[in-house]
Amino acid sequence: MNKESLKDRHKTWFHYKVMEFNELGYETISKEDLSHYFLDYKWKKKIPENLFEQIFQINQLSINEYFDFESLEAQTNKEITLEDINLSELF
């Protein structure tokens, strides 16, 4: 099963998780962010074969686990350098 079909298959569950995170005050997390987390990180090496296991893992995702992933992404992202950031916009 390819990434797009998995993304479509779980869009409802991603939506529920986004709603849960929104209720906790984290309103910037989207369904696309969660699908990126699962398809490109958590399930990168092995996607659970059982649909119920996939749904269980989505439901068990904590905000701490997600932000650990985001901080790892930020540390390993080599696309943005200090030269690319316009600091004058901050003042």
Side-chain angles (χ1 to χ4, degrees):
M1 189 172 277
N2 66 20
K3 286 183 181 183
E4 282 303 312
S5 61
L6 275 170
K7 191 176 185 178
D8 288 340
R9 180 184 219 182
H10 296 304
K11 67 182 173 184
T12 302
W13 299 104
F14 293 145
H15 177 73
Y16 288 139
K17 187 51 80 168
V18 166
M19 287 176 37
E20 178 186 324
F21 288 165
N22 285 344
E23 289 174 6
L24 295 172
Y26 302 101
E27 298 176 359
T28 59
I29 299 172
S30 67
K31 291 186 283 189
E32 289 76 26
D33 295 331
L34 294 181
S35 65
H36 173 61
Y37 169 80
F38 281 99
L39 300 177
D40 296 328
Y41 179 71
K42 180 132 179 128
W43 298 339
K44 183 177 182 178
K45 293 184 180 176
K46 186 172 191 295
I47 298 171
E49 293 179 23
N50 188 326
L51 173 63
F52 296 111
E53 179 62 28
Q54 294 170 7
I55 294 169
F56 179 77
Q57 287 185 11
I58 294 169
N59 287 328
Q60 292 299 308
L61 176 64
S62 71
I63 196 68
N64 288 336
E65 287 176 290
Y66 178 74
F67 279 124
D68 286 346
F69 162 73
E70 281 293 325
S71 65
L72 183 64
E73 284 276 297
Q75 292 172 13
T76 59
N77 187 354
K78 296 189 178 12
E79 293 177 12
I80 298 174
T81 63
L82 288 177
E83 290 80 30
D84 296 334
I85 300 172
N86 186 358
L87 296 177
S88 64
E89 293 177 355
L90 298 175
F91 302 103

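No hydrogens, no waters, no symmetry mates; every other heavy atom, side chains included, goes into these values.
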For residues 52-69, which side-chain donor-acceptor pairs fall under 3.5 Å, sequence neighbours excluded?
{"from": "Glu53", "atom 1": "OE2", "to": "Gln57", "atom 2": "NE2", "distance (Å)": "3.0"}
{"from": "Gln54", "atom 1": "OE1", "to": "His10", "atom 2": "NE2", "distance (Å)": "2.6"}
{"from": "Gln54", "atom 1": "NE2", "to": "Pro48", "atom 2": "O", "distance (Å)": "2.5"}
{"from": "Gln57", "atom 1": "OE1", "to": "Trp43", "atom 2": "NE1", "distance (Å)": "2.5"}
{"from": "Asn59", "atom 1": "ND2", "to": "Ile55", "atom 2": "O", "distance (Å)": "3.4"}
{"from": "Ser62", "atom 1": "OG", "to": "Glu65", "atom 2": "N", "distance (Å)": "3.1"}
{"from": "Ser62", "atom 1": "OG", "to": "Glu65", "atom 2": "OE1", "distance (Å)": "3.4"}
{"from": "Glu65", "atom 1": "OE1", "to": "Ser62", "atom 2": "N", "distance (Å)": "3.0"}
{"from": "Tyr66", "atom 1": "OH", "to": "Glu70", "atom 2": "OE2", "distance (Å)": "2.7"}

Note, Lys17 side chain near Ile29 side chain (heavy atom, < 4.5 Å) |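 In short, these two side chains do not touch, never coming nearer than 4.5 Å.
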
State whether a side-chain donor-acceptor pair under 3.5 Å links Ser30 with Asp33.
->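 Yes - a donor-acceptor pair under 3.5 Å links their side chains.
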
[atom1]-[atom2] distance between [X] and [Y], expressed to the nearest 0.5 angstrom:
| X | Y | atom1 | atom2 | answer |
| --- | --- | --- | --- | --- |
| Leu39 | Leu6 | CG | CG | 5.5 Å |
| Lys7 | Ser5 | NZ | OG | 11.5 Å |
| Thr12 | Lys31 | OG1 | NZ | 8.0 Å |
| Arg9 | Ser35 | CZ | OG | 15.0 Å |

Give the ring-plane orientation class for Trp13 versus Tyr16, where under 30° counts as parallel, over 60° as perpendicular and anything between as tilted.
->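 Perpendicular, since the angle between the ring planes exceeds 60°.
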
Who are the side-chain hydrogen bond (donor to acceptor under 3.5 Å, both in side chains) partners of Lys11, not counting sequence neighbours?
->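 Applying side-chain hydrogen bond (donor to acceptor under 3.5 Å, both in side chains) to Lys11 gives none.
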
